[in-house]
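The structure under discussion appears below in the form of structure tokens.
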Amino acid sequence: MCVPAVPFVCRFAPSPNGRLHLGHAFSALMNAEAARRMGGTFLLRMEDIDATRCRPEYEQGILQDLAWLGVAPDAPPRRQSAHFADYAAALARLDAMGLVYPAFESRSDIARAVIEAEARTGRPAPRDPDGAPLFPFPRAVLTDAERASRRVGGTPFVVRLDMAAALAAAAGDRPLAWPEARDTPEGPRETVAADAAAWGDVVLARKEVPTSYHLSVVVDDAAQGITHVIRGMDLYHATSVHVLLQRLLGLPTPVYHHHRLILDASGHKLSKSNAATSLAALRAGGATPQEIRRRLGLQPTPST
Ligand code: GLU
């Protein structure tokens with residue numbers, strides 16, 4: 001193993017709300033093998049903030065699937081559910097900066113407003129990079145005092161980032177951007193300009209879950225000292241939000257490598273609900289880890 005000239009710490013961060021599929025296997029292998037090549041550290045993180053969908057048996061299944069694949073993390077997994085206080089502290093910091101607000105519009109309020117706006121203008125409503133309509137209500141529809149009293153009164157809410165205010169607060173001499181290693185995690189990097197405005201007022205927490213994917217991923221990558229985030233292309237655009245939150249919270253921006261996605265025969269992203277590509281099912285059907293590698297377009301396991 002070589003001694004790294006610069007620290008190299010990466011992580012695989014599955015949500016234990018189902019079994020791993022071939023796409024997860026690819027991501028886990030990309031991380032573990034980059035860490036090994038670089039003499040670095042490979043960490044595992046269970047993204048289990050959603051208590052309604054995450055289950056201990058799925059976590060056990062993930063650990064079994066990884067062990068079978070030959071992917072061994074260098075430390076026990078970090079569980080997001082054990083760190084709600086850290087996310088609350090980050091959210092409180094953004095709140096103290098005046099950058100977040102409780103929003104009470106339900107999913108159906110939002111859907112109705114989008115349909116009305118599309119009918120009125122005759123044009124499609126603006127959408128985020130994942131294709132969901134941007135939050136269509138301005139923060140100013142309620143005063144801060146009205147929001148505070150509704151919240152105290154128990155109305156369901158989500159906490160949203162005031163994107164315009166956040167971008168203004170984050171503006172500085174350095175543009176918001178991240179280093180992207182295009183070909184391999186340790187390869188040459190190019191600077192990608194972040195476009196967080198494309199996401200509108202994103203949700204950072206909910207009444208019943210006091211954090212969100214965006215907020216916890218940023219807090220945890222910093223807490224775990226991640227230097228290289230290696231994950232699928234499906235999260236490429238979300239990086240804009242992560243870079244903005246890193247700037248606002250005074251956290252470092254790692255290097256990112258967004259790898260190709262593993263698609264099914266009809267060209268769609270794999271999903272946890274499709275049992276045909278779950279590692280557990282493939283293994284039960286007699287597949288070996290080497291066959292999984294071949295199917296993913298990877299070289300056979302390097303001999304150790
Ligand atoms: N938990 C996310 C997922 O399972 C991955 C998050 C990340 O790698 O940043 O898709």
Side-chain angles (χ1 to χ4, degrees), residues 8-35 41-55 58-59 61-63 65-66 69 71 73 77-84 86-87 90 129-130 132 178-181 185 192 194 196 199 202-204 209 211-246 249 251-263 268-274 277-279:
F8 189 100
V9 185
C10 60
R11 84 312 191 262
F12 175 56
S15 293
N17 56 13
R19 294 299 294 257
L20 298 184
H21 57 53
L22 284 169
H24 298 111
F26 186 68
S27 213
L29 287 163
M30 291 291 282
N31 272 280
E33 291 177 7
T41 304
F42 167 58
L43 300 176
L44 181 60
R45 181 163 79 226
M46 294 292 170
E47 302 216 321
D48 61 349
I49 55 174
D50 184 349
T52 60
R53 297 175 62 220
C54 294
R55 300 213 203 112
Y58 288 137
E59 181 177 317
I62 289 172
L63 296 173
D65 291 343
L66 292 178
L69 268 182
V71 168
R78 176 183 169 97
R79 274 184 206 90
Q80 291 191 323
S81 55
H83 295 278
F84 282 120
D86 298 348
Y87 314 131
D130 284 347
W178 76 85
E180 176 81 19
V192 179
W199 291 94
V202 284
V203 173
L204 292 191
V209 185
T211 185
S212 64
Y213 162 64
H214 291 310
L215 186 62
S216 21
V217 82
V218 159
V219 169
D220 285 340
D221 283 339
Q224 292 189 285
I226 302 301
T227 61
H228 290 69
V229 171
I230 303 167
R231 62 185 180 190
M233 245 340 214
D234 51 336
L235 291 168
Y236 184 82
H237 292 291
T239 310
S240 288
V241 176
H242 303 168
V243 169
L244 170 61
L245 292 175
Q246 287 154 1
L249 294 168
L251 303 174
T253 291
V255 174
Y256 288 84
H257 170 69
H258 292 96
H259 58 68
R260 67 183 164 89
L261 294 180
I262 306 299
L263 304 174
H268 295 110
K269 229 183 93 176
L270 302 182
S271 104
K272 281 189 175 134
S273 53
N274 181 354
T277 55
S278 93
L279 296 181

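Start at 1 and go down the list; that is how both ligands and their atoms are numbered.
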Need the ligand 1 atom indices (1-based, order shown) with element for anything under 4.0 Å from a heavy-atom of Arg11. 7 (C), 8 (O), 9 (O)
Working to the nearest 0.5 Å, report the span between CZ of Arg55 and CG of Asp50. 11.0 Å
Spatial distance of atom CZ (Phe26) from atom CZ (Arg260) [nearest 0.5 Å]: 4.0 Å
Over all heavy atoms of both residues, which pair between Asn31 and Ile230 is shortest? Give the atoms and the distance, please. ND2-O, 3.0 Å
For atom 3 (C) of ligand 1, closest protein heavy-atom neighbour: Ala13 O, 4.0 Å
Work out whether the distance between some heavy atom of Phe12 and some atom of ligand 1 is less than 4.0 Å. no
Ligand-side contact atoms (ligand 1) for residue partner Glu47, heavy atom cut-off under 4.0 Å: 1 (N), 2 (C), 5 (C), 6 (C)
NE2/His83 to CG/Asp48 distance, rounded to the nearest 0.5 angstrom? 9.5 Å
Flag for His259-Arg231: side-chain donor and acceptor within less than 3.5 Å: no
If I apply the N/O under 3.5 Å rule, does Arg45 come out as touching ligand 1? no
Answer with side chain, backbone, both or neither: which part of Leu235 has a heavy atom less than 4.0 angstrom from an atom of ligand 1? side chain
If we count only N and O atoms by modelled type, under 3.5 Å, do the side chains of Gln224 and Arg45 hold a donor and an acceptor together? yes
Please give me the minimum heavy-atom distance between Ile226 and Arg11, naming the atom from each residue. CD1-CB, 3.6 Å
In ligand 1, the atoms that come under 4.0 Å of a heavy atom of Tyr213 are 6 (C), 7 (C), 9 (O)
Tell me whether His24 has any N or O atom under 3.5 angstrom from an N or O of ligand 1. no
Counting from 1, what ligand 1 atoms have a heavy atom of Arg231 closer than 4.0 Å? 7 (C), 8 (O), 9 (O)
For Val217, is at least one N or O under 3.5 Å away from an N or O on ligand 1? no
